[in-house]
Structure formats: C-alpha cells, structure tokens
**Student:** 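Can you read through this structure? Questions will come right after.
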Amino acid sequence: MPCNKKFLNGLVVFLMAAIPVGSQTMSRPHVIVVGVNGMEWDIIRPLLLKGELHNFAEVIQRGVYGKMRTLSAPNCPKVYSSIATSTPPEENGITGFVVAGKTARTDMLKREPLWSILSKHDVTVGMANVPATFPVMPLNGYMISGMLTRGQGCEDGILCSPKLSEVKGGEAVYPPSMVAELEMNVGDFWIDCSRMPTAEQLKGKEAEAIDHWLLQVSQVRAQQAKLFDYLLSHHRTDFTMLVQSCEDRVGHWLYPIQPYNVGYDPALHSIRLNAFPDQYRAFDQVLGKILKYVDQNTYLFIISDHGIKPLREFEEGRRLYHSAHDHGGNTPIIAKHDFEDGDDVPGSFIAIGPNIKRDVRLMGFTVSVFDIAPTILSLYGIPQPTQMKGHVLSEIFEAPSSEPAKPSGK
C-alpha cells in the first residue's frame, strides 16, 4: 500500500540520522537485547497485577509489548538460530539440540547470523549466554557461549552446566584473552543452568533435591547478573545480547500446576509452588541492573524464544514431533513448549527506546521470531539480506513527521 511505503521510507530516514555518514562522527544506536528462555505471560501477568515486578512493569509502560510468534515444536537452539538468521531451521541448519546425531554447533549454521552481519558493518557486538553459540565465532567485539557448551561432565553439551574452567571441545570465549579477565573479575562461573534431578535422585527426598537444585539456580543467576553487569560497564558495545535460561528449566518440572493437570505428583508439585514465579521475581532484579545502562538513546528489546505450558495428554500420546530428549533425562517434567502448534506457546516481546511507542500492547501475532534481526539491522541502516524471512517492525515506532521542521526565531 502507498501509505505503508511512505511510512517505511520516513522511518528509514529517521533511523539513518543516527548512523555515521562519511566523515561524520555521530554515534551509532545503542541496542541491548535480553533473552529469557521460556518466558510465560500466564505466570508473569498475575505478578504484574500484584505489583511484584517493578522493573518489568516500567519497561512495559515505556514501550510496546505482546506475544511473539515462534516456530512449530519450538526449542531454544532452533529458535535462537532462527532469530539470529531470520530464516527457518531447515534453511539455517540448526533444527534442534541435535542435528544429524550431533549436538548443534555454530559451524553447522548455513545462514549468516545477525552478529556477523553487524560486525562486518563495523558495529561493535557483545554476546553472552546465547544458546547455540558454541564454539564462539570471531566478531567485532566479544562472545561468551551459552546453552550447548561442552565441558567436563557435560560432554554432549545438552542442558548441563560446565564452568568456564571446565569447557572442552572448543572455545567458549572470544577473544580467548578475555578468559583471564573474566575469571579475575567475575569468577569461574557456570556457563548455563544445570540439568534437573532425575527421578532416581528425587525419590524419597523430593524436598531436599528440589531445594538443592534451586539453590544452584540462584547461584547461576547471581553469577550471570554479575557477568552482565561487568560486561555492560567494562565492555560497552553498540549491540549487546544477553540471555538467561534457568526460567525455562525450572518451568519444565516445577510449573505451579493443579492436581487435575497431566503428570501431577503431590510428592513433587506441592513442595515449592512459588519456584517458577520466583524465577520472574529474580529476573526482575536482574532487569533492574541492566536498566542502569539503558538511557534515553538506548533501544532495549526483551524477548523469549517461546512460552511454556502444562502437559496435554492427547498431544503426549501422539509424540510425532517430540524432541529427542525431555529436558533432563528421566526427570518427571510437567510442562513443555515443543507443542506441534507453536502458537500455543508463544514467545514474548517488549521494546523500548527512541521513537518507540509507549504503553502499547501488540494484539495477536504482530511480531515473529524472524522479525528481530531485520528490525535491529534497520536501526543501524544496514540493508536486510534477501534470505531473511522477517520484516522491519515499523508498527512499533512512532510515525515520522512528514512535515519539515519550522525554523525558530522571528
């Protein structure tokens, strides 16, 4: 439609004003993307209504928010790779945790990811704990790998948690010289959230096992928060992407379900009813630390690859699309996200920043996982590669004025 074309042209002109041209020295846009694996609106909304997520509520009021369309049978590696490349799994090569019998690796990518494109256009890039980024790739900045990192006691890399000093089978940090700096200033942190206890480990000592695991979850989150704070304060980059995954892991087996839900076990699921909601209370505190680095000229995107819902018996019986593992060996999970219809477990999207609309809820599926990369590229004035399937989210921005500014004075 002509009006849409006119709007997009105006938006590009507006965004390009922030990009250096020729000998100009104007700074590039500052963009921070925070990923929260398995973020579930059904759990978050009651906490917002009760006033328990102050920082979360602030960003919602300052920007746009809503559901984000994910993939069918979504899981973290395949969705984050689709977010990075704006292409479906069958095109980008990362179809799940395991590809052709091997744990997914960055060298399996068949399409260029966002961080590589940005780097080639001289945009500085920082990455930490993003799933499926092991081994790390050289880029114009730094990268610290996340989920699927291999290491001591975690040779397959699937949903386990090697420490930085225990990584094997590839580099977890780029540049490698940054490892010593991180160990000195952040510590020997866990790369990812650990596997949940197995059924055998839980039997007869459910409360003890749950509390022990949740304590480690809290320790991992504290380390990640310290890492994020250090990176944002000591390694500022034009584009930064930080991801947390413990929310997803806790939701799989400690979702606060009712006795009528599939898989309910009173010995397990009546012990720590607040375990999953507590993940968002804790994330809200991490978000508060990140917001210290978000000024009026910063774009902040909070996204999740998918949501998570209680098991549904009729779909469990089909198992036509179930992933190759159940997020913890024989852990008795009660919630999942790899439903055949990804619209049943949508991701989340929140954005604030210059010229982004305020306090606007996006209805339906305005946003797709394929739209994140094109939108970020547009902020830097970088053309969208032809293979990308998404579009620039022009609808989240205020319409640029079509009238020239009137001169001030007499």
**Student:** With heavy-atom distances below 4.5 Å as the criterion, would you say the side chains of T95 and K78 are in contact?
**Tutor:**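 They are not in side-chain contact.
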
**Student:** Counting only N and O atoms by type, is there a donor-acceptor contact under 3.5 Å from the side chain of D371 to the main-chain atoms of S368?
**Tutor:** yes

**Student:** Provide the closest heavy-atom pair for I43 versus P277 in the form atom of the first, atom of the second, distance.
**Tutor:** CG2-CA, 3.9 Å

**Student:** Any heavy-atom pair between the side chains of T133 and Y80 that's under 4.5 Å?
**Tutor:**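 They are not in side-chain contact.
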
**Student:** Taking S194 for its side chain and S161 for its backbone only, find out whether a donor-acceptor pair lies under 3.5 Å.
**Tutor:**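 Flag not set: sc S194 to bb S161 has no pair under 3.5 Å.
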
**Student:** Please check if any side-chain donor atom of R221 sits under 3.5 Å from a side-chain acceptor atom of Q279, or the reverse.
**Tutor:**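 Yes, Q279 and R221 have a side-chain donor paired with an acceptor closer than 3.5 Å.
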
**Student:** Within the 4.5 Å heavy-atom criterion, are I333 and M196 side-chain neighbours or not?
**Tutor:**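 Answer yes - side chains close enough.
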
**Student:** Decide whether D188 and S165 meet the rule of one side-chain donor and one side-chain acceptor closer than 3.5 Å.
**Tutor:** yes

**Student:** Between S145 and F134, what is the shortest heavy-atom contact and its length?
**Tutor:** OG-CD1, 3.8 Å

**Student:** Give every donor-acceptor pair under 3.5 Å between a side-chain atom in residues 357-367 and any protein atom, sequence neighbours left out.
**Tutor:**
from : atom 1 : to   : atom 2 : distance (Å)
K357 : NZ     : E395 : O      : 2.9
T366 : OG1    : M363 : O      : 3.3

**Student:** State the CG-CD1 distance between L268 and I334, to the nearest 0.5 angstrom.
**Tutor:** 8.0 Å

**Student:** Any sub-3.5 Å donor-acceptor pair from E91's side-chain atoms to P88's backbone N or O?
**Tutor:** no

**Student:** Report yes or no: does R150 contribute a side-chain atom to a donor-acceptor pair with the main-chain N or O of L148 at less than 3.5 Å?
**Tutor:**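 Present.
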
**Student:** With a 3.5 Å distance limit and no angle check, can you tell me whether N140 reaches the backbone of V123 through a side-chain donor-acceptor pair?
**Tutor:** yes

**Student:** Working to the nearest 0.5 Å, report the span between CG of N55 and CD1 of I290.
**Tutor:**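 CD1 of I290 is found 10.0 Å from CG of N55.
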
**Student:** Is a donor on one side and an acceptor on the other found under 3.5 Å between the side chain of E40 and the backbone of I308?
**Tutor:**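 Pair found, side chain donor or acceptor close to backbone of I308.
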
**Student:** Does K309 have more than 12 heavy atoms from other residues, nucleotides or ligands lying within 6.0 Å of its NZ?
**Tutor:**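 Buried by this count: over 12 neighbours within 6.0 Å.
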
**Student:** Could you measure the distance from the CG atom of L377 to the NE2 atom of H121? Nearest 0.5 Å is fine.
**Tutor:**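 It is 8.0 Å, given to the nearest 0.5 Å.
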
**Student:** Checking S82 side chain against T87 main chain: does a donor-acceptor pair fall under 3.5 Å?
**Tutor:** yes

**Student:** Could you go step by step and tell me if M143 and V130 meet the side-chain contact (heavy atoms from CB on, under 4.5 Å) rule?
**Tutor:** CA-CA 9 Å; M143 181 182 287; V130 180; over 6 Å; no

**Student:** Write out all pairs satisfying side chain to side chain donor-acceptor pair (under 3.5 Å) with one or both partners inside residues 257-276, taking only residues at least two apart or from two chains.
**Tutor:**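 Side chain to side chain donor-acceptor pair (under 3.5 Å) check on residues 257-276 returns D211-R272.
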
**Student:** Determine whether V173 and E181 make a side-chain contact, defined as any pair of heavy atoms from C-beta on separated by less than 4.5 Å.
**Tutor:**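 No; the side chains remain at least 4.5 Å from each other.
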
**Student:** Could you state the interatomic distance from CD1 (I117) to CD1 (I376), rounded to the nearest 0.5 Å?
**Tutor:**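 Atom-to-atom, I117:CD1 and I376:CD1 are 11.0 Å apart.
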
**Student:** Could you tell me whether the side chain of R249 and the main chain of V217 form a donor-acceptor pair under 3.5 Å?
**Tutor:** no

**Student:** Inspect the surroundings of CD in Q296 and state if more than 12 heavy atoms from other residues, nucleotides or ligands are less than 6.0 Å away.
**Tutor:**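 Counting other residues, nucleotides and ligands, CD of Q296 stays at 12 neighbours or fewer.
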
**Student:** Go through the steps to decide whether F189 and N129 satisfy the test side-chain contact (heavy atoms from CB on, under 4.5 Å), and finish with yes or no.
**Tutor:** CA-CA 11 Å; F189 55 88; N129 204 37; over 6 Å; no

**Student:** On a heavy-atom basis, which atom in Q201 and which in T198 lie closest, and how many Å separate them?
**Tutor:**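 Between these two residues, the closest heavy atoms are OE1-N, 2.8 Å.
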
**Student:** Check whether any side-chain N or O of H252 sits under 3.5 Å from a backbone N or O of A335 as a donor-acceptor pair, and report yes or no.
**Tutor:** yes

**Student:** Is any side-chain heavy atom of V33 closer than 4.5 Å to one of F239?
**Tutor:** yes

**Student:** Please say whether more than 12 non-hydrogen atoms of neighbouring residues, nucleotides or ligands are located less than 6.0 Å from NZ in K50.
**Tutor:**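 Not buried by this count: 12 neighbours or fewer within 6.0 Å.
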
**Student:** Please verify the inter-ring angle class for F276 with Y255; under 30° counts as parallel, over 60° as perpendicular, anything in between as tilted.
**Tutor:** tilted

**Student:** Do you see a donor-acceptor pair shorter than 3.5 Å between the side chains of Y299 and N355?
**Tutor:** yes

**Student:** Quick one: side chains of residues 67-74, donor-acceptor pairs under 3.5 Å with protein atoms, not counting sequence neighbours, listed by atom name and distance.
**Tutor:**
from : atom 1 : to   : atom 2 : distance (Å)
R69  : NE     : D343 : OD1    : 3.0
R69  : NH2    : D343 : OD2    : 2.8
T70  : OG1    : D305 : O      : 2.8

**Student:** Would you check, one step at a time, whether the test side-chain contact (heavy atoms from CB on, under 4.5 Å) holds for H234 with N185?
**Tutor:** CA-CA 10 Å; H234 289 77; N185 294 283; 6.0 Å; no

**Student:** Could you tell me whether a side-chain N or O of E206 sits under 3.5 Å from a main-chain N or O of G204, the two making a donor and an acceptor?
**Tutor:**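 Between the backbone of G204 and the side chain of E206 there is a qualifying donor-acceptor contact (under 3.5 Å).
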
**Student:** Distance from F228 atom CZ to Q224 atom CD, nearest 0.5 Å?
**Tutor:**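 With rounding to 0.5 Å, CZ (F228) is 5.0 Å from CD (Q224).
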
**Student:** Assess the side chains of D238 and T124: does a donor N or O sit below 3.5 Å from an acceptor N or O?
**Tutor:**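 Present: a donor and an acceptor within the cut-off.
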
**Student:** Is R281 salt-bridged to D284, going by a charged N under 4.0 Å from an acidic O?
**Tutor:** no

**Student:** Got a second to check how far T240's OG1 is from I32's CD1, nearest 0.5 Å?
**Tutor:**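 Between atom OG1 of T240 and atom CD1 of I32 there are 5.5 Å.
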
**Student:** Taking the basic N atoms (NZ, or NE/NH1/NH2) and the acidic carboxylate oxygens, is any pair closer than 4.0 Å for E183 and K163?
**Tutor:**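 Looking at K163 together with E183, the answer is no, because their closest N to O distance does not fall below 4.0 Å.
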
**Student:** Could you check whether any side-chain heavy atom of I372 comes within less than 4.5 Å of a side-chain heavy atom of F349, counting everything from C-beta outward?
**Tutor:**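 Of all side-chain heavy-atom pairs linking F349 with I372, at least one is under 4.5 Å.
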
**Student:** Salt bridge or not for R195 and D156, using N-O below 4.0 Å?
**Tutor:**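 D156 and R195: salt-bridged.
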
**Student:** Can you find a heavy atom in the side chain of Q216 that is under 4.5 Å from one in the side chain of V220?
**Tutor:**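 A side-chain contact under 4.5 Å exists here.
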
**Student:** Compare all side-chain heavy atoms of L214 with those of L254 and state whether any distance is below 4.5 angstrom.
**Tutor:** yes

